[in-house]
Amino acid sequence: GNYQKALEFADEDYKEVLRGYNNTIKNRIHENNMIAIYKSGKIAMENKLYDEAISIFESIIDYQDSQYQLYLCKTAINDNVYNNAIELLNKQYYAAAIEKFNLIKEYKDSSNLIDECIFNINEITYQTAKNLINAKRYLDAIEELNKILEHKDANDLIEICETMLLKDKTQKYQLAVDNVSKRNYDEAIKIFQSLGDFEDSKQQLEITKGYINKEKIYVQANEIAKVHKIGELSDAVKKLKSINDYRDSLELVKKYESIIRDLKDKAALKRDKVKRFFKIFIPSLIIVIILLVLTFTYFIPSSKYNKAKK
């Protein structure tokens, strides 16, 4: 207010003087403000409040060496991130270290250290896969190796695993077939199930399941046949014919049918003997009866009459 009144009543020369004083005061105030802001930035740096310091120096970017102080703050932040990442790397926390190095890719050798971390991660995966191969866990090994296709001889190891899997599956398949031939059906079923789509494993699985039912029928038939009667043997033959392609069912059918025929022949022979017996016995019996009747009718009364006459 006073400054404006002084300018109003002053002559031109004095006005210039007043304006000079005013600009000097403004410049001094501005300088004092800049110094205060600059000092606050330095204090923030000393307290390692680098983000705050960066914000301050960016607000006075053209004042003194603010640009350089800004560079120092960013460098300090990068150093902190870098050192933290190095510490993680040394502790073998490679994934966490990569995250840190990615924040400062252009700083120092961060890019190279990212590559080192990736290599170490891949190497751990690679060694895990080799251990799985040694344990013959080829599918698990392939899963691990597929994560690191560009690492060392990962592709070659996958081929080896696939070859071993095929060989292993072939051996398992043959083992299952051997178990079927030995009638170890439950074990064979487990193996065929584990083989999945390998060759005709699914088909063999269903066939083997059928063998379990056929085995039950086969055993039942032979148990029934032990009774050695025509009815039971006929029932056994019927059951065996239902599984005529299983084990020696056809031979047993022939055997039991032969026994049935023998039993029928023996039964027929017995009936013939009985018939012949009755064929001879009945006429003879009739003659005896006739003789007895004649005896009681004529001979005995005649004897009584002759005695009486005497």
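Values below: every heavy atom of this structure, side chains too, minus hydrogens, waters and symmetry copies.
No side-chain donor from either of Tyr218 and Asn213 sits under 3.5 Å from a side-chain acceptor of the other. Asp235 and Tyr256 share no donor-acceptor pair across their side chains, judged by distance under 3.5 Å alone. Glu31 and Tyr63 are linked by a side-chain donor-acceptor pair at a separation below 3.5 angstrom, with hydrogens and angles left out of the test.
Taking the ring centroids of Phe57 and Tyr38, they lie under the 6.0 Å cut-off.
Counting non-hydrogen atoms of other residues, nucleotides and ligands closer than 6.0 Å to CD of Gln171 gives a total above 12. Taking a 6.0 Å sphere around NZ of Lys216, one finds it holds 12 or fewer heavy atoms contributed by other residues, nucleotides or ligands. Heavy-atom contacts from other residues, nucleotides or ligands closer than 6.0 Å to CG of Asp197 number 12 or fewer.
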Pairs under 3.5 angstrom only: tabulate donor-acceptor contacts from the side chains of residues 180-190 to other protein residues two or more places apart or in another chain.
residue: Ser181; atom: OG; partner: Asp178; partner atom: O; Å: 2.6
residue: Asn184; atom: ND2; partner: Asn179; partner atom: OD1; Å: 3.2
residue: Tyr185; atom: OH; partner: Tyr246; partner atom: OH; Å: 2.6

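A donor-acceptor contact shorter than 3.5 Å links the side chain of Thr125 to the backbone of Ile121.
Between Asp248 and Lys255 there is no salt bridge, since none of the side-chain N atoms of the basic residue sits less than 4.0 Å from a carboxylate O of the acidic one. A salt bridge links Glu215 to Arg247: at least one charged side-chain nitrogen sits closer than 4.0 Å to a carboxylate oxygen. A salt bridge links Glu87 with Lys91: at least one charged nitrogen is closer than 4.0 Å to a carboxylate oxygen. Contact check on Lys169 versus Glu199 returns no salt bridge, with no Lys/Arg side-chain nitrogen under 4.0 Å from an Asp/Glu carboxylate oxygen. Using a cutoff of 4.0 Å between basic side-chain nitrogens and carboxylate oxygens, Glu251 and Lys254 are not scored as salt-bridged.
Follow the hydrophobic side-chain contacts under 4.5 Å out from Leu233 and you reach Ile243 in the same cluster. In the hydrophobic cluster analysis, where Ile, Leu, Val, Met, Phe, Trp and Tyr join through side-chain heavy atoms closer than 4.5 angstrom, Ile212 is grouped together with Leu205. Connection of Ile160 to Leu165 is established within a shared hydrophobic cluster, with ILVMFWY side chains joined at heavy-atom distances below 4.5 Å, either directly or through further cluster members.
Side chains of Ile118 and Ile98 form a contact here, defined as non-hydrogen atoms less than 4.5 Å apart. A 4.5 Å side-chain heavy-atom check between Val253 and Asn244 finds every atom pair outside the cut-off. Within the 4.5 Å cutoff, no side-chain heavy atoms of Lys172 are placed close to those of Phe198. Contact annotation: the side chain of Tyr138 never approaches that of Leu132 to less than 4.5 Å [non-hydrogen atoms, C-beta and beyond].
With rounding to the nearest 0.5 Å, the separation of OG in Ser111 from NZ in Lys105 is 7.0 Å.
Annotation: cation-pi pair Lys100/Tyr82 absent, no NZ/CZ under 6.0 Å from the ring centroid and within 45° of its normal.
When each of Asn84, Ile86, Val81 is tested with Phe101 by the rule side-chain contact (heavy atoms from CB on, under 4.5 Å), just one qualifies, namely Ile86.
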